[in-house]
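We name chains A, B, ... by the order of the sequence lines, and we start the count at 1 in each one.
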Amino acid sequence: MPRYENRESGHECPGRGSRGKAVRVFGWVAGSERLGSLSWLTIHAPGFPAAGPGQFVLLQPEPPACFLPRAFSVAGQRGEEISFLISPVGPGTKQLTNLREHDPVWITGPLGNGFDMDTLLAPPMRRAVLVGGGVGAAPFPLLLDCLATSASGPDLDVLVLLGFRNSSQAEGGQPVRAAAARLAAGGASCRIEIATEDGSIGKARLVTDLLAAEQRQGDRLAVCGPQAMCEAVWQTAREASGLSCWFSLEANMACGVGSCHGCASLRADGSLALVCRDGPVFTGESLYGVGEQE
Amino acid sequence: MPRYENRESGHECPGRGSRGKAVRVFGWVAGSERLGSLSWLTIHAPGFPAAGPGQFVLLQPEPPACFLPRAFSVAGQRGEEISFLISPVGPGTKQLTNLREHDPVWITGPLGNGFDMDTLLAPPMRRAVLVGGGVGAAPFPLLLDCLATSASGPDLDVLVLLGFRNSSQAEGGQPVRAAAARLAAGGASCRIEIATEDGSIGKARLVTDLLAAEQRQGDRLAVCGPQAMCEAVWQTAREASGLSCWFSLEANMACGVGSCHGCASLRADGSLALVCRDGPVFTGESLYGVGEQE
Amino acid sequence: MTFPMQSQHSSPDLIVHLGPLTLAHPVINASGTMEILELADVFGEDVLKSPPVGAYVPKTITLKPRQGNLPPRILETPAGMINAIGLSGGGLEAFVGGSLPRLLTLSCPLILSIGGFSPREYVELAAGLRQALQAGAGDGWTQRVGLELNVSCPNVHSGCLLIGADPGEIEGVVSAVRREWPGLLITKLTPNVTDIASIAAAAAGAGADAISAVNTFKGMVIDRRSLRPFLGNVTGGLSGPAIKPLALRAIFEIFARVEVPVIGMGGIRSAEDALDFLACGATVVAVGSAGFTDPWLTGRIASGLATSLSERGLTLRDVVGIAHRREA
Amino acid sequence: MTFPMQSQHSSPDLIVHLGPLTLAHPVINASGTMEILELADVFGEDVLKSPPVGAYVPKTITLKPRQGNLPPRILETPAGMINAIGLSGGGLEAFVGGSLPRLLTLSCPLILSIGGFSPREYVELAAGLRQALQAGAGDGWTQRVGLELNVSCPNVHSGCLLIGADPGEIEGVVSAVRREWPGLLITKLTPNVTDIASIAAAAAGAGADAISAVNTFKGMVIDRRSLRPFLGNVTGGLSGPAIKPLALRAIFEIFARVEVPVIGMGGIRSAEDALDFLACGATVVAVGSAGFTDPWLTGRIASGLATSLSERGLTLRDVVGIAHRREA
Ligand SMILES: Cc1cc2nc3c(=O)[nH]c(=O)nc-3n(C[C@H](O)[C@H](O)[C@H](O)COP(=O)(O)OP(=O)(O)OC[C@H]3O[C@@H](n4cnc5c(N)ncnc54)[C@H](O)[C@@H]3O)c2cc1C
Ligand SMILES: Cc1cc2nc3c(=O)[nH]c(=O)nc-3n(C[C@H](O)[C@H](O)[C@H](O)COP(=O)(O)OP(=O)(O)OC[C@H]3O[C@@H](n4cnc5c(N)ncnc54)[C@H](O)[C@@H]3O)c2cc1C
Ligand SMILES: Cc1cc2nc3c(=O)[nH]c(=O)nc-3n(C[C@H](O)[C@H](O)[C@H](O)COP(=O)(O)O)c2cc1C
Ligand SMILES: Cc1cc2nc3c(=O)[nH]c(=O)nc-3n(C[C@H](O)[C@H](O)[C@H](O)COP(=O)(O)O)c2cc1C
Ligand code: FES
Ligand code: FES
């Protein structure tokens with residue numbers, strides 16, 4: 001049975017209070033599974049604290065193929081077992097997805113702000129919509145598990161929209177499905193829609209097509225995916241009214257903790273934010289502004 | 001059953017005629033066994049020609065941990081299966097000894113001159129003495145197999161003297177034992193003596209102690225090991241008379257084929273030899289001269 | 001959290017004096033690569049109580065607040081990384097009012113790095129810091145705080161790099177700052193010059209108490225998709241293990257030329273690397289990019305140095321510059 | 001033996017002209033890193049019949065025979081290697097009498113690299129080669145043979161490096177050789193200078209038809225056991241992927257300054273790397289240390305370039321210098 005399946009949603013979401021509690025520990029691979037073109041990697045990390053949804057870690061196998069560690073969203077956590085959804089795009093991610101059980105890995109985290117669950121769930125709460133593109137689905141299993149253990153868990157209305165390149169990449173959506181099933185098992189309403197660009201599942205469409213068809217006033221959106229998708233989601237969401245959007249960004253990182261100032265990202269007002277320290281989660285307004293659509 | 005055991009000595013020794021026939025091919029690991037602190041690595045190398053004893057190859061796994069390939073004596077060959085005795089001393093050798101079956105490896109060779117079997121066996125042939133220190137035993141299984149298939153095979157008198165740091169390293173001598181057994185099975189006289197520096201096998205002694213006790217006029221010595229051991233063997237051998245010595249040298253290499261001029265080694269006359277092209281096997285006289293002992 | 005054993009890395013064998021400063025061990029961080037207050041935010045306050053560094057060096061301070069260059073600003077390269085941060089930070093006033101008081105509570109010495117866009121700016125920065133320290137750091141602050149002139153940042157379009165490549169300019173800046181700054185004065189050099197030793201000699205001649213080298217090597221990366229420069233700033237500075245052999249050569253040449261102590265850096269990620277720099281002539285070594293992987297690396301390297309020295313039966317003093325002496 | 005498909009890497013799309021020379025493709029070897037006659041000895045004569053290179057560059061020729069530096073002469077470094085060969089070879093006479101006739105039978109152009117210890121030696125070398133070629137290479141030899149002045153070797157203790165770091169010296173050597181050499185004249189530059197573009201401008205101004213860059217970066221390695229310099233020559237030259245970002249920056253700056261074509265090298269090991277150099281302004285690229293791993297790498301890179309260009313819908317001409325132009 002795959003590791004992401006059939007587990008109770010046992011994660012205690014720490015809220016945003018995990019600053020000051022990050023660690024750097026030497027862990028090892030507890031499991032690694034291919035999910036189509038993505039991989040589900042689980043690290044046993046002794047003493048690793050509870051991560052919040054949208055928080056990330058730095059991973060570096062020992063011995064490393066790359067000089068710097070790489071950043072990954074925490075996709076799931078069961079105590080000291082932390083899981084990641086990884087897309088093998090370069091040497092760092094390829095080394096990680098080729099690791100075998102017991103291979104040693106340094107892990108630093110949890111890092112960054114993550115999605116602010118209090119704000120996401122603050123009344124008047126209508127519906128949480130999770131929008132993910134490709135490996136951008138990574139933070140959602142943990143986010144769904146946190147919703148399941150939240151006070152309002154059983155009363156929630158949750159919609160998950162995932163876009164993938166093709167059916168092989170879409171296999172990477174399985175841990176999200178599993179977490180959604182756990183949430184629904186607790187009584188919440190939770191639905192998943194999947195779009196593939198090449199139409200290998202359903203007709204060919206983008207995740208923004210799903211969003212345009214589904215979005216309603218008052219939806220709270222948690223978004224993670226490639227930059228172009230994020231911008232398109234923002235454009236789409238602005239056509240409905242009263243939506244709130246939080247985006248989880250990526251940037252090349254070196255330190256992950258605010259030391260190097262390398263992960264700067266331009267905000268709407270022309271200022272620079274550090275993705276690792278000020279993010280990775282930002283509001284749509286701060287990133288893309290409230291000005292007119294071009 | 002370990003790969004180096006119980007095989008017929010089936011290798012057709014090519015003599016020194018293999019120049020101009022080297023190849024660079026993409027092979028894969030056919031087997032890897034720990035022998036104490038050393039490893040026996042077998043690569044399946046499609047189209048690889050017959051190597052002579054003392055010839056070497058360049059190995060580089062794919063993807064490589066190191067920028068440059070690394071040089072290794074051919075320790076055994078059965079058709080397209082080439083074996084190596086490897087001591088894990090740094091990143092290159094550690095990557096190689098950690099490879100698993102089917103892992104891909106680039107292999108270039110056979111390179112260098114190797115031991116000249118015609119001269120080694122030229123009449124009046126008395127006895128061939130193989131002297132190896134540590135992983136310097138590497139070329140001997142192939143050398144013994146070549147002796148077994150040589151015309152004079154059944155009439156030979158062969159003595160193998162191996163020195164190791166301790167009993168763990170001495171396990172690396174097993175492929176030499178196996179090859180010696182094959183040679184003896186063909187009718188030759190073949191004896192092995194082993195010395196360990198820490199006395200974990202027999203009493204604590206050096207391979208030169210064995211040599212001093214065993215050497216006879218007219219012995220032909222094929223020597224491979226650390227530089228200090230080679231020099232000590234030369235000093236010891238000069239105390240007997242009429243001995244001929246051939247030494248297989250090491251040097252840091254980049255190209256292995258005479259392009260980079262990096263592997264230069266100083267000869268007795270002050271000139272520089274390229275270990276990869278002019279060696280790796282040199283006569284004792286050319287390396288250490290015939291002058292007075294200090 | 002794994003933490004280097006305090007007992008080891010403050011072992012008396014490792015104590016070094018850098019002018020008036022006393023360092024518990026010779027392994028410090030390189031400017032711009034370790035923000036200890038950020039580390040405290042992320043990992044907890046312990047790092048402030050027992051900092052892993054022999055002395056702490058904050059990011060280069062500029063006179064005015066700066067955002068730095070447009071992203072992207074960093075990329076990994078073979079065995080290294082390239083950066084084009086371009087000196088981002090709140091500027092002198094924010095530093096003096098914000099970080100400085102907290103940094104002064106650290107148990108280790110502080111080395112403040114400043115970068116100007118003209119000789120005058122260096123002087124203003126030094127004067128501003130001196131005033132703040134005189135007011136807020138108590139008597140004897142010169143025994144706890146040093147100043148490093150970053151005349152070597154490759155990522156800003158005017159000012160410091162130009163100063164750093166010209167012995168005459170260096171002399172001007174160093175001697176002007178020398179008049180304003182009573183404490184330890186370090187000059188950090190760029191390796192992007194024909195003859196770094198003569199620049200070091202100019203700095204020492206003008207009153208620098210120590211030389212720090214090297215800053216990053218100027219390089220660039222091409223974006224694979226567009227075939228245009230990858231970094232927002234077009235060029236950037238290369239650091240990490242890739243440059244270690246080049247940095248060692250620079251330290252070797254500087255040590256042969258000047259009498260003042262040298263702070264060596266460039267690609268250090270292990271105690272062995274640190275030994276290499278000491279052997280070439282560094283009195284103190286700094287860890288830069290490799291610390292991004294492990295914020296406690298400086299402490300671990302100090303522990304490793306202690307072990308390695310005792311295994312070799314050598315003292316720190318024996319090792320500094322040993323590569324210049326014939327084998328015994 | 002795996003061999004790059006001839007059909008691909010001599011595809012007309014890849015043909016480049018370097019002065020009077022016509023190269024089937026723009027990927028050549030770097031001097032001192034590929035001895036094609038040795039390759040023929042080891043792998044067989046095929047390599048001479050269809051050389052993988054667009055032009056062949058033998059090791060730098062000196063006037064007198066030289067053994068080069070004492071061993072050890074090479075060591076791997078992070079993502080690269082350091083060497084201190086120090087120009088070993090049989091000297092001009094041996095080259096002219098030995099290798100030259102065989103090299104002239106190659107189907108690709110030949111670029112002869114020379115290194116002198118004084119301006120006079122460069123002139124003598126050029127004159128000696130010109131005479132040999134006039135005598136032995138038939139009419140029109142200038143369309144098949146070029147000359148590269150190695151004024152940039154970091155591993156010899158006098159002469160060429162000093163020349164290579166000074167615009168005035170460069171002008172002297174280049175203009176003197178220019179009078180002796182009627183064919184393509186390339187100057188190969190050292191990156192160990194403050195401003196490589198102004199050195200390139202001096203060479204072009206004095207009559208060089210092309211600039212080749214970069215030679216190795218001066219570095220050193222410490223022996224782990226003795227803590228003394230590892231290389232017999234103390235310092236050596238760093239090459240390989242580690243230096244690629246630095247080399248790209250040099251090419252970018254040279255292209256912006258001079259009109260003559262640039263031969264770019266430094267850490268190339270893939271078609272993507274080659275594209276990076278073309279984008280920065282190289283007309284031809286050279287493979288050095290990475291060829292030690294694979295003697296046919298030049299041919300493979302040429303094939304890869306052809307594929308990559310056609311995937312991008314670009315010609316060679318489009319790509320050369322594209323990093324200097326704004327995105328469309
Ligand atoms: C907060 C955060 C969370 C993340 N979460 C996840 C996750 O959960 N799962 C996941 O798979 N990934 C995640 N990522 C992305 C992941 O960190 C990167 O995919 C990873 O660093 C790639 O490393 P690599 O060595 O495989 O590739 P690299 O070779 O380092 O490439 C990294 C990126 O840079 C680009 N690049 C490199 N060199 C060049 C060049 N010369 N020109 C142009 N582009 C270049 C590559 O195309 C690639 O996109 C996250 C990133 C961040 C910042
Ligand atoms: C012809 C030939 C045949 C060989 N046959 C065999 C064989 O059959 N089996 C085998 O195990 N080995 C053999 N070797 C040796 C083998 O090539 C080396 O052990 C291997 O290259 C080491 O690579 P590495 O990456 O593991 O270590 P590296 O890190 O490359 O170290 C290589 C050597 O250099 C030294 N070194 C590296 N850096 C420094 C430094 N800074 N200061 C001082 N010393 C340094 C190391 O101590 C080590 O001895 C042979 C070598 C040659 C030339
Ligand atoms: C991201 C980054 C930022 C840096 N910022 C500064 C800086 O602000 N001031 C400075 O003097 N050097 C700065 N440097 C240079 C380092 O201090 C150091 O000199 C250089 O990186 C070489 O060391 P390393 O190879 O160990 O990284 C920076 C380097 C990096 C990688
Ligand atoms: C072992 C070795 C020998 C070299 N010999 C020469 C030489 O004789 N003449 C020369 O101009 N450059 C020489 N070089 C420099 C290379 O031609 C090239 O400029 C440099 O290595 C950078 O390219 P790379 O990073 O691809 O190796 C040598 C380089 C190496 C590694
Ligand atoms: S990754 Fe270093 S500051 Fe964000
Ligand atoms: S290893 Fe290159 S010449 Fe011998």
Side-chain angles (χ1 to χ4, degrees), chain C residues 75 77-82 154 165-166 190-195 217-230 234-238 240-253 267 269 272-273 275-280 312 314 318-319 322-328, chain D residues 75 77-82 154 165-166 190-195 217-230 234-238 240-253 267 269 272-273 275-280 312 314 318-319 322-328:
Chain C
L75 191 70
T77 62
M81 63 178 285
I82 193 164
D166 184 277
T190 173
N192 300 296
V193 295
T194 309
D195 180 9
F217 286 78
K218 201 171 165 191
M220 74 184 288
V221 176
I222 294 295
D223 184 286
R224 286 202 289 260
R225 284 159 298 232
S226 66
L227 298 179
R228 302 306 196 286
F230 179 87
V234 180
T235 60
L238 191 68
I243 66 164
K244 199 189 87 172
L246 309 182
L248 284 176
R249 192 263 302 179
I251 304 306
F252 193 83
E253 292 179 356
R269 58 176 162 177
E272 282 202 338
D273 293 335
L275 266 181
D276 290 348
F277 278 84
L278 297 173
C280 285
R312 290 168 185 267
L314 292 173
D318 296 333
V319 168
I322 195 174
H324 294 261
R325 300 193 285 275
R326 294 196 154 275
E327 268 182 81
Chain D
L75 190 71
T77 62
M81 63 179 284
I82 194 163
D166 185 278
T190 173
N192 300 296
V193 295
T194 309
D195 181 8
F217 286 78
K218 200 170 165 193
M220 74 183 288
V221 177
I222 294 295
D223 185 287
R224 284 203 290 260
R225 282 160 299 233
S226 67
L227 298 180
R228 302 305 196 285
F230 179 87
V234 180
T235 60
L238 190 70
I243 67 164
K244 199 189 87 172
L246 309 183
L248 284 175
R249 191 264 300 182
I251 305 306
F252 192 82
E253 291 179 356
R269 58 176 163 178
E272 281 203 339
D273 293 335
L275 266 180
D276 289 347
F277 278 84
L278 297 173
C280 285
R312 290 169 185 265
L314 293 173
D318 296 333
V319 168
I322 194 174
H324 295 261
R325 300 193 285 276
R326 293 196 154 276
E327 268 181 81

- Decide yes or no on side chain to side chain contact (heavy atoms under 4.5 Å, CB included) for C:Phe252 and D:Val234, but give the supporting numbers first. CA-CA 10 Å; C:Phe252 193 83; D:Val234 180; 4.0 Å; yes
- side chain to side chain contact (heavy atoms under 4.5 Å, CB included) assessment of D:Asn192 paired with C:Arg249: CA-CA 12 Å; D:Asn192 300 296; C:Arg249 192 263 302 179; 4.0 Å; yes
- Pairs of heavy atoms under 4.5 Å with chain C: top-ranked of D:Gly267, D:Pro245, D:Ala242: D:Pro245
- Query: What part of D:Glu272 gets closer than 4.5 Å to chain C, counting heavy atoms only: side chain, backbone, both or neither?
  - Reply: side chain
- Could I get the full list of side-chain contact (heavy atoms from CB on, under 4.5 Å) partners for C:Pro78, not counting sequence neighbours? D:Ala79, D:Pro241, D:Arg269
- Query: Which residues pass the side-chain contact (heavy atoms from CB on, under 4.5 Å) test with D:Ala279, sequence neighbours left out?
  - Reply: C:Ile222, C:Leu227, D:Ile322, D:Ala323
- Task: Under 4.5 Å, counting heavy-atom pairs only, tell me which of C:Arg312, C:Glu253, C:Arg325 racks up the most with chain D.
- Result: C:Arg312
- Let me know if C:Leu278 has heavy atoms under 4.5 Å from chain D in its side chain, its backbone, both or neither. neither
